[in-house]
Amino acid sequence: MYKASDPRKGGRPPFDAVLMFKVLVLQQFYNLSDDQTEFQIRDRYSFCRFLGLSPEGRVPDAKTIWVFRERLKQLALTDQLFGQVLSQIDAAGFTARKGQIVDAALVPVPCQRNRRDKNARIKAGDPPQEWSEAKRRQKDVQARWTQKHGQSHYGYKNHLSVDNQHKVIRHYAVTSAEVHDSQVFERLLDERNSSGDVWADSAYRDQTREQALARAGYRSHIHRKGSRKRALNEREQAANRKRSKVRARVEHIFAQQANRLIRTIGIARAEVKIGMMNLVYNMRRLAWLTG
DNA sequence: CATTAATGCTACGAGATGGA
DNA sequence: TCCATCTCGTAGCATTAATG
(Lines give C-alpha, C1' and ligand atoms only; values in the text may rest on other atoms or scores of the structure.)
Protein backbone atom coordinates (compact mmCIF):
# COMPACT_ATOMS: atom_id res chain seq x y z
CA MET A 1 0.00 0.00 0.00
CA TYR A 2 2.97 2.26 0.50
CA LYS A 3 5.04 2.30 -2.65
CA ALA A 4 5.78 5.59 -4.30
CA SER A 5 8.19 4.92 -7.09
CA ASP A 6 9.41 2.48 -9.70
CA PRO A 7 12.69 0.96 -8.47
CA ARG A 8 13.92 0.33 -12.02
CA LYS A 9 14.35 4.05 -12.57
CA GLY A 10 16.90 4.36 -9.81
CA GLY A 11 16.89 7.07 -7.21
CA ARG A 12 18.05 7.20 -3.65
CA PRO A 13 16.67 4.24 -1.72
CA PRO A 14 14.21 5.18 1.03
CA PHE A 15 14.30 3.95 4.59
CA ASP A 16 12.24 0.81 5.02
CA ALA A 17 8.56 1.70 5.50
CA VAL A 18 8.14 -0.72 8.39
CA LEU A 19 11.17 0.81 10.09
CA MET A 20 9.69 4.28 9.69
CA PHE A 21 6.37 3.11 11.06
CA LYS A 22 8.16 1.74 14.11
CA VAL A 23 9.86 5.09 14.53
CA LEU A 24 6.44 6.76 14.64
CA VAL A 25 5.28 4.21 17.21
CA LEU A 26 8.27 5.00 19.42
CA GLN A 27 7.71 8.69 18.95
CA GLN A 28 4.10 8.42 20.00
CA PHE A 29 4.84 6.04 22.86
CA TYR A 30 7.35 8.41 24.44
CA ASN A 31 5.69 11.60 23.23
CA LEU A 32 8.76 12.96 21.46
CA SER A 33 9.21 15.72 18.89
CA ASP A 34 10.78 14.81 15.56
CA ASP A 35 14.18 16.15 16.59
CA GLN A 36 14.01 14.43 19.96
CA THR A 37 13.07 11.18 18.26
CA GLU A 38 16.13 11.36 16.02
CA PHE A 39 18.33 12.16 18.99
CA GLN A 40 16.91 9.44 21.22
CA ILE A 41 17.28 6.79 18.51
CA ARG A 42 20.98 7.58 18.42
CA ASP A 43 21.21 7.86 22.17
CA ARG A 44 19.23 4.90 23.49
CA TYR A 45 20.32 1.36 22.93
CA SER A 46 16.79 0.07 23.49
CA PHE A 47 15.47 2.23 20.64
CA CYS A 48 18.16 0.96 18.28
CA ARG A 49 17.44 -2.62 19.22
CA PHE A 50 13.72 -2.17 18.71
CA LEU A 51 14.35 -0.68 15.26
CA GLY A 52 17.12 -3.07 14.30
CA LEU A 53 19.62 -0.25 13.79
CA SER A 54 23.10 0.38 15.08
CA PRO A 55 23.83 3.77 16.62
CA GLU A 56 26.92 4.20 14.45
CA GLY A 57 24.95 3.51 11.29
CA ARG A 58 22.47 5.70 9.46
CA VAL A 59 19.49 6.84 11.47
CA PRO A 60 16.47 8.60 9.95
CA ASP A 61 16.72 12.35 10.19
CA ALA A 62 14.05 14.40 11.98
CA LYS A 63 12.88 15.73 8.63
CA THR A 64 12.71 12.22 7.21
CA ILE A 65 10.32 11.35 10.03
CA TRP A 66 8.29 14.45 9.27
CA VAL A 67 8.19 13.67 5.56
CA PHE A 68 7.09 10.10 6.27
CA ARG A 69 4.24 11.32 8.45
CA GLU A 70 3.36 13.78 5.71
CA ARG A 71 3.18 10.89 3.25
CA LEU A 72 0.79 9.06 5.57
CA LYS A 73 -1.36 12.17 5.55
CA GLN A 74 -1.34 12.55 1.78
CA LEU A 75 -2.12 8.91 1.07
CA ALA A 76 -4.64 8.75 3.95
CA LEU A 77 -3.00 5.61 5.31
CA THR A 78 -3.48 6.21 9.04
CA ASP A 79 -6.86 4.51 9.07
CA GLN A 80 -5.45 1.48 7.28
CA LEU A 81 -2.60 1.18 9.77
CA PHE A 82 -5.05 1.49 12.64
CA GLY A 83 -7.17 -1.21 11.00
CA GLN A 84 -4.17 -3.52 10.64
CA VAL A 85 -3.44 -3.33 14.36
CA LEU A 86 -7.11 -3.89 15.08
CA SER A 87 -7.29 -7.02 12.97
CA GLN A 88 -4.20 -8.37 14.73
CA ILE A 89 -5.94 -7.79 18.03
CA ASP A 90 -8.98 -9.66 16.72
CA ALA A 91 -6.76 -12.46 15.44
CA ALA A 92 -5.20 -12.77 18.90
CA GLY A 93 -8.67 -13.59 20.20
CA PHE A 94 -9.66 -10.21 21.59
CA THR A 95 -12.68 -9.47 19.44
CA ALA A 96 -15.20 -6.82 20.47
CA ARG A 97 -17.47 -8.10 23.24
CA LYS A 98 -19.89 -7.14 25.98
CA GLY A 99 -21.09 -3.97 24.31
CA GLN A 100 -19.39 -0.70 23.61
CA ILE A 101 -18.75 2.66 25.18
CA VAL A 102 -18.76 5.86 23.15
CA ASP A 103 -16.86 8.88 24.39
CA ALA A 104 -14.69 11.79 23.28
CA ALA A 105 -11.36 13.14 24.50
CA LEU A 106 -10.07 16.65 23.95
CA VAL A 107 -6.70 16.98 22.27
CA PRO A 108 -5.17 20.37 23.01
CA VAL A 109 -2.90 22.29 20.63
CA PRO A 110 -0.90 25.45 21.45
CA CYS A 111 -3.27 28.39 21.87
CA GLN A 112 -3.26 30.93 19.08
CA ARG A 113 -2.31 34.44 20.05
CA ASN A 114 -4.39 36.27 17.50
CA ARG A 115 -6.16 39.57 17.92
CA ARG A 116 -9.87 39.45 18.38
CA ASP A 117 -10.76 40.62 14.86
CA LYS A 118 -8.43 38.03 13.30
CA ASN A 119 -10.02 35.28 15.37
CA ALA A 120 -13.47 36.29 14.25
CA ARG A 121 -12.39 36.06 10.63
CA ILE A 122 -10.70 32.70 11.15
CA LYS A 123 -13.83 31.33 12.75
CA ALA A 124 -15.88 32.61 9.82
CA GLY A 125 -13.67 30.59 7.52
CA ASP A 126 -11.79 33.56 6.10
CA PRO A 127 -8.19 33.45 7.37
CA PRO A 128 -6.36 36.81 7.10
CA GLN A 129 -4.84 37.24 3.64
CA GLU A 130 -2.33 39.84 4.83
CA TRP A 131 -0.37 37.15 6.63
CA SER A 132 2.74 36.16 4.72
CA GLU A 133 2.90 32.69 3.28
CA ALA A 134 5.54 31.68 5.83
CA LYS A 135 3.38 33.00 8.64
CA ARG A 136 0.19 31.41 7.39
CA ARG A 137 1.65 27.94 7.43
CA GLN A 138 2.57 28.36 11.09
CA LYS A 139 -0.97 29.34 12.04
CA ASP A 140 -3.60 26.73 12.81
CA VAL A 141 -6.90 28.05 11.50
CA GLN A 142 -8.86 24.85 12.06
CA ALA A 143 -8.47 24.30 15.79
CA ARG A 144 -11.34 25.64 17.91
CA TRP A 145 -12.27 26.52 21.47
CA THR A 146 -14.85 24.61 23.46
CA GLN A 147 -16.21 24.54 27.00
CA LYS A 148 -16.20 21.48 29.21
CA HIS A 149 -17.11 21.45 32.88
CA GLY A 150 -16.85 25.21 32.87
CA GLN A 151 -13.31 25.20 31.48
CA SER A 152 -12.11 26.32 28.07
CA HIS A 153 -10.14 23.98 25.86
CA TYR A 154 -8.52 24.68 22.54
CA GLY A 155 -7.73 22.16 19.83
CA TYR A 156 -9.30 19.02 18.45
CA LYS A 157 -11.51 16.19 19.64
CA ASN A 158 -10.82 12.48 19.53
CA HIS A 159 -14.19 10.75 19.35
CA LEU A 160 -14.01 7.03 20.00
CA SER A 161 -15.79 3.80 20.75
CA VAL A 162 -14.29 1.13 22.95
CA ASP A 163 -15.48 -2.41 23.50
CA ASN A 164 -16.52 -3.11 27.05
CA GLN A 165 -14.66 -6.38 27.47
CA HIS A 166 -11.17 -5.52 26.30
CA LYS A 167 -11.22 -1.71 26.26
CA VAL A 168 -9.78 -1.65 22.76
CA ILE A 169 -10.56 1.35 20.55
CA ARG A 170 -12.70 0.06 17.68
CA HIS A 171 -13.55 3.27 15.84
CA TYR A 172 -12.46 6.86 16.07
CA ALA A 173 -13.13 10.20 14.41
CA VAL A 174 -11.25 13.48 14.64
CA THR A 175 -12.93 16.88 14.57
CA SER A 176 -12.15 20.34 15.86
CA ALA A 177 -12.96 20.71 19.55
CA GLU A 178 -16.14 22.72 19.00
CA VAL A 179 -17.96 19.87 17.25
CA HIS A 180 -20.45 18.42 19.68
CA ASP A 181 -19.91 14.82 20.74
CA SER A 182 -23.38 13.94 19.61
CA GLN A 183 -22.68 14.80 15.97
CA VAL A 184 -20.37 11.90 15.22
CA PHE A 185 -22.02 9.23 17.37
CA GLU A 186 -23.32 7.07 14.51
CA ARG A 187 -19.93 6.94 12.79
CA LEU A 188 -18.41 5.41 15.92
CA LEU A 189 -20.83 2.54 16.42
CA ASP A 190 -19.17 -0.83 16.05
CA GLU A 191 -21.63 -3.28 14.51
CA ARG A 192 -19.20 -6.15 14.97
CA ASN A 193 -19.51 -6.15 18.74
CA SER A 194 -21.01 -9.41 19.96
CA SER A 195 -23.38 -7.50 22.20
CA GLY A 196 -25.79 -4.71 21.33
CA ASP A 197 -25.25 -2.77 24.55
CA VAL A 198 -24.15 0.84 24.09
CA TRP A 199 -23.07 3.21 26.86
CA ALA A 200 -22.53 6.94 26.50
CA ASP A 201 -22.95 10.06 28.59
CA SER A 202 -25.97 12.30 28.47
CA ALA A 203 -24.47 14.56 25.80
CA TYR A 204 -25.41 11.86 23.31
CA ARG A 205 -29.00 11.49 24.52
CA ASP A 206 -31.55 12.12 21.82
CA GLN A 207 -35.08 10.82 21.31
CA THR A 208 -34.77 9.92 17.61
CA ARG A 209 -31.40 8.33 18.28
CA GLU A 210 -32.91 6.09 20.95
CA GLN A 211 -35.50 4.89 18.45
CA ALA A 212 -32.95 4.37 15.69
CA LEU A 213 -30.69 2.39 18.01
CA ALA A 214 -33.56 0.16 19.05
CA ARG A 215 -34.52 -0.44 15.42
CA ALA A 216 -30.93 -1.37 14.60
CA GLY A 217 -30.91 -3.92 17.41
CA TYR A 218 -28.85 -1.99 19.95
CA ARG A 219 -29.67 -1.68 23.63
CA SER A 220 -29.06 1.91 24.65
CA HIS A 221 -27.63 2.73 28.06
CA ILE A 222 -27.09 6.36 27.21
CA HIS A 223 -27.41 8.58 30.26
CA ARG A 224 -30.67 10.37 30.71
CA LYS A 225 -30.51 14.09 31.19
CA GLY A 226 -32.74 16.09 33.43
CA SER A 227 -34.21 19.33 32.18
CA ARG A 228 -35.19 22.57 33.82
CA LYS A 229 -38.81 21.55 33.43
CA ARG A 230 -38.40 18.11 34.87
CA ALA A 231 -35.59 16.77 37.04
CA LEU A 232 -34.79 13.08 36.93
CA ASN A 233 -36.78 10.94 39.31
CA GLU A 234 -35.31 8.49 41.79
CA ARG A 235 -35.49 5.52 39.45
CA GLU A 236 -33.88 7.36 36.54
CA GLN A 237 -31.07 8.58 38.75
CA ALA A 238 -30.38 5.07 39.96
CA ALA A 239 -30.24 3.88 36.35
CA ASN A 240 -27.74 6.61 35.51
CA ARG A 241 -25.53 5.62 38.44
CA LYS A 242 -25.51 2.06 37.20
CA ARG A 243 -24.52 3.24 33.73
CA SER A 244 -21.77 5.42 35.18
CA LYS A 245 -20.10 2.38 36.65
CA VAL A 246 -19.50 0.95 33.20
CA ARG A 247 -18.25 4.24 31.82
CA ALA A 248 -16.06 4.99 34.82
CA ARG A 249 -13.87 2.03 34.02
CA VAL A 250 -12.78 3.57 30.72
CA GLU A 251 -12.42 7.13 31.93
CA HIS A 252 -9.15 6.52 33.76
CA ILE A 253 -7.73 4.65 30.79
CA PHE A 254 -8.32 7.65 28.58
CA ALA A 255 -7.00 9.99 31.22
CA GLN A 256 -3.48 8.61 30.89
CA GLN A 257 -3.33 9.36 27.17
CA ALA A 258 -5.86 12.17 26.74
CA ASN A 259 -5.09 15.83 27.20
CA ARG A 260 -1.75 15.32 25.58
CA LEU A 261 -0.72 18.39 23.65
CA ILE A 262 0.02 17.98 19.97
CA ARG A 263 1.87 20.60 17.96
CA THR A 264 0.90 19.79 14.39
CA ILE A 265 -0.82 22.53 12.44
CA GLY A 266 -4.17 21.88 10.78
CA ILE A 267 -6.70 19.09 11.15
CA ALA A 268 -5.22 16.80 8.48
CA ARG A 269 -1.99 16.46 10.44
CA ALA A 270 -3.86 16.26 13.72
CA GLU A 271 -5.71 13.28 12.25
CA VAL A 272 -2.45 11.46 11.61
CA LYS A 273 -1.13 12.24 15.10
CA ILE A 274 -4.37 11.27 16.82
CA GLY A 275 -4.65 8.14 14.69
CA MET A 276 -1.17 7.14 15.82
CA MET A 277 -2.16 7.97 19.39
CA ASN A 278 -5.12 5.60 19.18
CA LEU A 279 -3.07 2.95 17.40
CA VAL A 280 -0.38 3.01 20.07
CA TYR A 281 -3.02 2.93 22.79
CA ASN A 282 -4.37 -0.26 21.20
CA MET A 283 -0.88 -1.75 20.99
CA ARG A 284 -0.34 -1.15 24.70
CA ARG A 285 -3.76 -2.60 25.35
CA LEU A 286 -2.87 -5.74 23.39
CA ALA A 287 0.40 -6.06 25.29
CA TRP A 288 -1.49 -5.77 28.57
CA LEU A 289 -4.12 -8.30 27.49
CA THR A 290 -1.55 -10.88 26.47
CA GLY A 291 0.37 -10.27 29.66
C1' DC B 1 22.36 11.31 -16.50
C1' DA B 2 17.70 10.99 -14.61
C1' DT B 3 15.39 10.06 -10.66
C1' DT B 4 14.21 9.67 -5.97
C1' DA B 5 14.48 10.44 -1.18
C1' DA B 6 17.35 12.16 2.67
C1' DT B 7 18.92 16.05 4.77
C1' DG B 8 20.22 21.20 5.35
C1' DC B 9 18.63 25.72 5.94
C1' DT B 10 15.58 29.12 7.39
C1' DA B 11 11.19 31.37 8.68
C1' DC B 12 8.05 31.49 12.01
C1' DG B 13 4.75 30.72 16.39
C1' DA B 14 4.08 29.74 21.25
C1' DG B 15 5.59 29.38 25.90
C1' DA B 16 9.13 30.16 29.44
C1' DT B 17 12.15 33.29 31.59
C1' DG B 18 13.94 37.17 33.64
C1' DG B 19 14.83 42.06 34.16
C1' DA B 20 12.80 46.82 34.55
C1' DT C 1 2.79 43.78 34.96
C1' DC C 2 5.00 44.40 30.60
C1' DC C 3 7.98 43.08 27.04
C1' DA C 4 12.49 41.63 25.05
C1' DT C 5 14.77 37.50 24.47
C1' DC C 6 15.64 32.59 24.65
C1' DT C 7 14.23 27.68 23.76
C1' DC C 8 11.73 24.35 21.57
C1' DG C 9 8.90 22.86 18.00
C1' DT C 10 6.74 22.62 13.06
C1' DA C 11 6.71 23.66 8.00
C1' DG C 12 8.39 23.87 3.42
C1' DC C 13 11.72 24.81 -0.04
C1' DA C 14 16.69 24.11 -1.48
C1' DT C 15 20.41 21.22 -1.74
C1' DT C 16 22.81 16.91 -1.61
C1' DA C 17 23.35 11.84 -1.69
C1' DA C 18 22.53 7.38 -3.55
C1' DT C 19 20.77 4.50 -6.76
C1' DG C 20 19.84 2.11 -11.99
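Convention: sequence-line order gives letters A, B, ...; per-chain numbering from 1. Side chains are part of it too, since the values below use all heavy atoms of this structure and drop only hydrogens, waters and symmetry mates.
- Contact check, A/Q36 against C/dC8: no side-chain N or O comes under 4.0 Å of OP1 or OP2.
- Across all non-hydrogen atoms, the minimal contact from A/Q237 to A/L232 is NE2-O, 3.1 Å.
- Per the geometry, OH belonging to A/Y154 stands 10 Å off P belonging to B/dG15, to the nearest Å.
- A/N240 places a side-chain N or O within 3.5 Å of a backbone atom of A/R224 that can act as its donor or acceptor partner.
- Considering only side-chain N and O atoms, A/K139 lies nowhere under 4.0 angstrom from the phosphate OP1 or OP2 of C/dT10.
- For A/R42 and A/F47, the positive end is not near the middle of the six-membered ring at less than 6.0 Å and at most 45° from its axis.
- Between the P atom of C/dT10 and the NZ atom of A/K73 lies a distance of 14 Å, rounded to the nearest Å.
- Near DNA chain C, defined here as any heavy-atom distance below 4.0 Å, there are no residues from residues 113-131 of chain A.
- Atom CD of A/Q142 is separated from atom P of C/dA11 by 12 Å (rounded to the nearest Å).
- Within the structure, no pair that satisfies the side-chain hydrogen bond (donor to acceptor under 3.5 Å, both in side chains) test touches residues 11-24 of chain A, not counting sequence neighbours.
- Straight-line distance from the CZ atom of A/R69 to the P atom of C/dG12: 12 Å, rounded to whole Å.
- Counting to the nearest Å, the P atom of C/dC13 and the CD atom of A/E70 are 10 Å from each other.
- Within the cation-pi definition used here (under 6.0 Å to the ring centroid, within 45° of the axis), A/R284 qualifies as a partner of A/F29.
- In this model, the phosphate group of C/dA11 is approached by a side-chain N or O of A/W66 to a distance below 4.0 Å at OP1 or OP2.
- Put simply, CD1 on A/I65 and CZ on A/F15 are 9.5 Å apart, with the number rounded to the nearest 0.5 Å.
- A/R263 has its CZ atom 12 Å from the P atom of B/dA14, to the nearest Å.
- Note on A/E70 versus A/R269: salt bridge recorded, some NZ/NE/NH1/NH2 to OD/OE distance being below 4.0 Å.
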*If the sugar-phosphate is the primed atoms plus P, OP1 and OP2 and the base is the rest, what is the B/S/- string for nucleotides 7-12 of chain B, using protein heavy atoms under 4.0 Å?*
BB--BB
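- Across all strands shown, A/D34 has heavy atoms under 4.0 Å from sugar-phosphate atoms exclusively, and none from any base.
- Under the 30°/60° scheme for interplanar angles, the aromatic rings of A/F94 and A/H166 are found to stand perpendicular.
- Using a 4.0 Å heavy-atom distance criterion, A/Q112 is classed as a sugar-phosphate-only contact.
- Remark: A/E178 does not engage A/K157 in a salt bridge, criterion side-chain N to carboxylate O under 4.0 Å.
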